[in-house]
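Notes follow the structure.
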Amino acid sequence: MMADREDQVCSHLDLLKTQSDTRRHFLGWGAGGLGALFMNGAMAAPSGENAPLNFNRNPATPLSVLPPQFPAKVKRVIYLHMGGSPSQLELFDHKPILAKFHGHDCPESFIQGKRLAFIQGIPKLLGPMFPFHRAGKSGTWISDRLPHLEGAIDDLCVIKSMKTDQFNHAPAQLLVHTGDPRTGHASLGSWVTYGLGSENQNLPGFIVLISNGGTTANAGKPLWGSGFLPSVYQGVACRSAGEPVLFLDNPKSVSRDERRKVLDAVDEINQQTYREFGNPETVTRIAQYEMAFRMQLEASDAMNIHREPKAVLERYGAEPGKTSYANNCLVARRLAERGVRYIQLYHWGWDSHGTPVDEGLNVGLVKRCHETDQPTAALLADLKARGLLEDTLIVWGGEFGRTPMWENRGGQEMEFIGRDHHPNCFSIWLAGGGIKPGISYGETDDMGYEIAHNPVELRDLHATMLYLLGFDYRRLNYPYQGLDQKLTGVKPARIVSEILA
Amino acid sequence: MAGDSGISGRRSGHLSASVYFGCVGLVTLAGTGLAMLARPAFGHDMLQWIGLESVPQAQASSFYAIRVAPLFETRCAVCHGDKRQKSDLRLDSFASVLRGGKHGAVIIPSDTKNSELAIRIFLPASDDRAMPPDGKTPLTEDEKTVIKLWIAHGATGSLRDIPGAPKPVAEIVIPELDLAQVEKKRAPLVAEVARLQGRFPGVVAYEAQDSADLEINASLKGASFGDADLQALAPLAARVVGANLSGTGVSDASAPVLATMTRLKNLRLSGTKVSDTAIRALEGAKALRSVTVVDTKVTVGALAPLRARGVTVYGDGDGP
């Protein structure tokens with residue numbers, strides 16, 4: 001019945017479009033057509049790797065599934081973003097030599113001619129705060145702060161040589177999620193839903209779940225924006241307590257039938273607008289209203305973790321009715337099961353400067369680890385047990401790293417222990433389909449200041465993720481402002497083949 | 001006229017034409033010889049040009065051809081190649097690499113300390129003389145090491161292996177999408193696929209744009225998708241490489257259809273009524289990589305043969 005309705009909308013729109021093509025349009029097209037004929041000869045048809053892929057869809061079903069370019073290793077992504085950026089030196093990047101120099105003045109070469117976010121003068125070196133050990137069969141280094149994740153260490157691929165060129169949160173987050181430090185670009189999730197659609201037509205293809213929102217996303221909603229892509233591909237931020245999507249439920253005393261009537265009337269007006277201006281965004285809007293109507297039933301069910309058995313809730317540490325990272329991890333699994341393409345979790349509060357107590361490495365970081373360690377490990381284990389990990393890609397990471405120097409904001413010694421923003425190197429991990437499990441990739445120098453081996457740019461990570469999803473990053477593009485826009489930007493990217501299974 | 005001038009030339013002490021041109025020739029040769037001595041690269045060019053010296057060639061299986069040449073080609077030849085020749089240096093052939101540029105050889109075999117190329121690639125990006133110059137992606141440590149080792153081992157075009165050289169990184173090559181080829185592959189089933197896609201929206205899809213193989217995902221249809229529906233997809237069974245039937249109404253009655261899906265790689269049956277009968281039907285699916293049977297009546301015994309041939313099983317198979 002749903003499909004019938006979409007067909008109706010679509011054929012109706014086609015009819016309207018035909019009717020609105022007047023003689024004036026014909027003449028207009030004719031003039032353009034001459035130009036086109038000329039250009040066709042002057043500029044040879046794009047060939048080779050620049051030939052566009054076909055992303056044409058029925059405008060009434062913009063999220064319908066399209067096959068990837070080539071057979072994919074993963075069908076969906078769960079991206080666990082630790083907002084504020086956790087310290088790699090306290091979690092994954094083991095630096096015993098830095099520990100030896102703890103308390104010494106930092107070498108001049110670290111700061112000469114460099115611009116750091118907050119550090120001034122000559123800061124002291126800060127050794128790792130927590131002990132490290134090798135874990136699992138793989139012998140991957142990990143600190144004692146993530147005991148649950150340690151159980152899954154042999155499923156992880158830790159990249160210790162990530163780099164970025166942004167040292168402030170908002171642009172760095174944008175670079176991670178849209179491939180560009182400025183707003184206006186399409187986010188990873190938008191690219192993926194644009195390229196592949198979503199299996200479940202009753203849920204958004206790209207869902208964002210936020211926890212520890214006391215400090216909200218620095219870069220805000222553009223992190224899950226669609227940029228120049230049609231707006232139907234933007235992420236939908238859902239709440240894990242109360243109504244999952246605000247204003248989705250019908251107001252009191254409005255029945256579902258009445259809602260349907262209202263929507264029908266609005267659709268008619270939108271169709272008139274489309275007839276007048278022919279803007280595809282109008283069709284997108286019609287489709288979104290229709291999806292919201294269908295979501296009223298499905299979204300509430302997907303978000304409802306009350307129905308999970310008690311044992312499962314306990315494994316995640318989830319408490320129904322609360323807003324927490326644990327709840328979001330459990331919801332993420334439910335969404336993955338329901339065919340949502342891209343699931344983005346944000347957990348804030350990792351910005352360990354040492355200014356307020358909650359930003360101390362010795363307090364804030366410990367709390368954040370405690371909040372996230374068990375649920376993350378539970379999510380990995382749960383997906384694995386259900387056979388979902390083999391075609392799901394999980395990425396964990398912040399937006400940059402933290403300095404091996406003790407932050408001295410304003411040249412002062414700080415009350416709590418912290419590290420400044422550090423774009424030169426940071427650690428992330430990946431797990432799931434197509435990823436080589438139980439390995440570490442890349443190295444930083446003995447002080448954890450620069451990358452010593454195998455640097456991975458964010459665009460390389462993006463290219464690798466798209467490869468796993470079945471796309472050549474050069475071919476998943478969209479024409480805008482005279483350029484075939486790509487997630488990876490104009491610089492060449494590299495698929496990090498060494499981390500692929 | 002010619003005779004006159006010859007006689008008058010002799011009279012007035014003028015040179016004859018042959019002596020004159022002979023002298024010019026000697027001076028030219030002497031000049032060329034001096035130039036060849038002063039600039040060995042030019043000398044080699046000349047000798048190669050007149051055929052006295054063979055053009056150096058690298059063997060196709062040499063370390064140079066496999067490891068070094070691709071680096072020069074992709075990272076250097078934009079400025080030092082057939083389109084541009086900055087400093088008269090070309091790095092797009094073995095001969096021109098050895099020949100050097102306008103300041104002489106850039107590679108001195110077995111002498112990395114005095115090889116200009118080896119020096120420059122190791123300079124920090126901030127140095128004006130660093131190569132590739134600023135703004136370009138620097139060579140990776142492994143790439144620098146490969147070039148350095150090759151020079152240190154004589155910069156030859158014949159040496160095959162250099163011990164201690166970093167392992168080559170597997171480069172991912174993505175095949176071009178040949179739509180005509182895909183259309184040809186899909187031709188025998190395209191009508192049937194379109195018909196069944198119409199009947200079961202969102203259930204049947206091509207595995208990829210470059211493939212004629214199919215994937216079935218009925219899991220979102222829930223119990224409303226039953227054995228009869230799977231039976232309706234039977235005409236496509238031989239092309240199905242992935243099937244997600246979790247949570248559907250299929251049961252052991254679907255075993256015969258599953259048995260015809262001989263190219264299956266992944267099968268999901270979680271939360272269905274299937275039991276061992278359905279699992280035994282998978283004997284012919286030799287490419288099977290994983291089976292998911294969480295929350296079913298399938299037993300460990302039925303799964304054992306699958307496990308024995310390396311199939312990953314999700315779900316403990318101990319029954320509900």
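Model, not experiment: these values are computed from the prediction. We name chains A, B, ... by the order of the sequence lines, and we start the count at 1 in each one.
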Can you check whether A:Asn54 reaches B:Leu179 side chain to side chain, under 4.5 Å on heavy atoms? no

Is the number of heavy atoms from other residues, nucleotides or ligands under 6.0 Å of B:Lys286 NZ greater than 12? yes

When rounded to the nearest 0.5 angstrom, what distance separates OG in B:Ser246 from CZ in A:Arg386? 10.5 Å

Would A:Arg475 and B:Ile174 count as a side-chain contact (heavy atoms from CB on, under 4.5 Å) here? Give the steps. CA-CA 11 Å; A:Arg475 302 285 300 273; B:Ile174 297 169; over 6 Å; no

Part of B:Asn266 lying under 4.5 Å from any heavy atom of chain A: side chain

Atom NZ of residue position B:Lys185 - does it have more than 12 heavy atoms of other residues, nucleotides or ligands inside 6.0 Å? yes

Below 4.5 Å from any heavy atom of chain B, which atoms of A:Glu457 appear? Answer side chain, backbone, both or neither. neither

Of the non-hydrogen atoms in B:Glu141 and A:Ala452, which two are nearest, and what is the gap between them? CG-O, 3.7 Å

Name the region of B:Arg289, side chain, backbone, both or neither, that has any atom closer than 4.5 Å to a heavy atom of chain A. neither

Would you mind telling me which of A:Ala385, A:Gly387, A:Ser497 has the largest number of heavy-atom pairs within less than 4.5 Å of chain B? A:Gly387

Chain A contact via B:Leu220 - which portion, at a heavy-atom distance below 4.5 Å: side chain

Looking at residues at least two apart in the chain, or sitting in another chain, which of them share a side-chain hydrogen bond (donor to acceptor under 3.5 Å, both in side chains) with A:Ser64? none

List the atom of B:Ala208, the atom of A:Pro71, and the distance in Å for their closest heavy-atom pair. CB-N, 3.3 Å

State the NE2-OG1 distance between A:His453 and B:Thr140, to the nearest 0.5 angstrom. 8.0 Å

In terms of heavy-atom pairs under 4.5 Å with chain B, the winner among A:Leu500, A:Asn454, A:Asp391 is A:Asp391

Residue part contacting chain B, namely of A:Leu388, when any heavy atom lies under 4.5 Å: both

More than 12 foreign heavy atoms under 6.0 Å from NZ of A:Lys384: is that the case here? no

Determine whether more than 12 heavy atoms belonging to other residues, nucleotides or ligands lie under 6.0 Å from atom CZ of B:Arg309. yes

Above 12 or not: heavy atoms from other molecules or residues under 6.0 Å from CD of B:Glu183? no

Is the count of non-hydrogen atoms from other residues, nucleotides or ligands lying under 6.0 Å from B:Lys221 atom NZ greater than 12? yes

Heavy-atom distance under 4.5 Å to chain B: side chain of A:Glu498, backbone, both or neither? side chain

Considering only NZ, NE, NH1 and NH2 on the basic side and carboxylate oxygens on the acidic side, decide whether A:Glu390 and B:Arg268 come within less than 4.0 Å. yes

Within 6.0 angstrom of B:Lys83 NZ, more than 12 heavy atoms from elsewhere: no

Contact listing (chain B partner; residues 434-441 of chain A; heavy atom under 4.5 Å): none

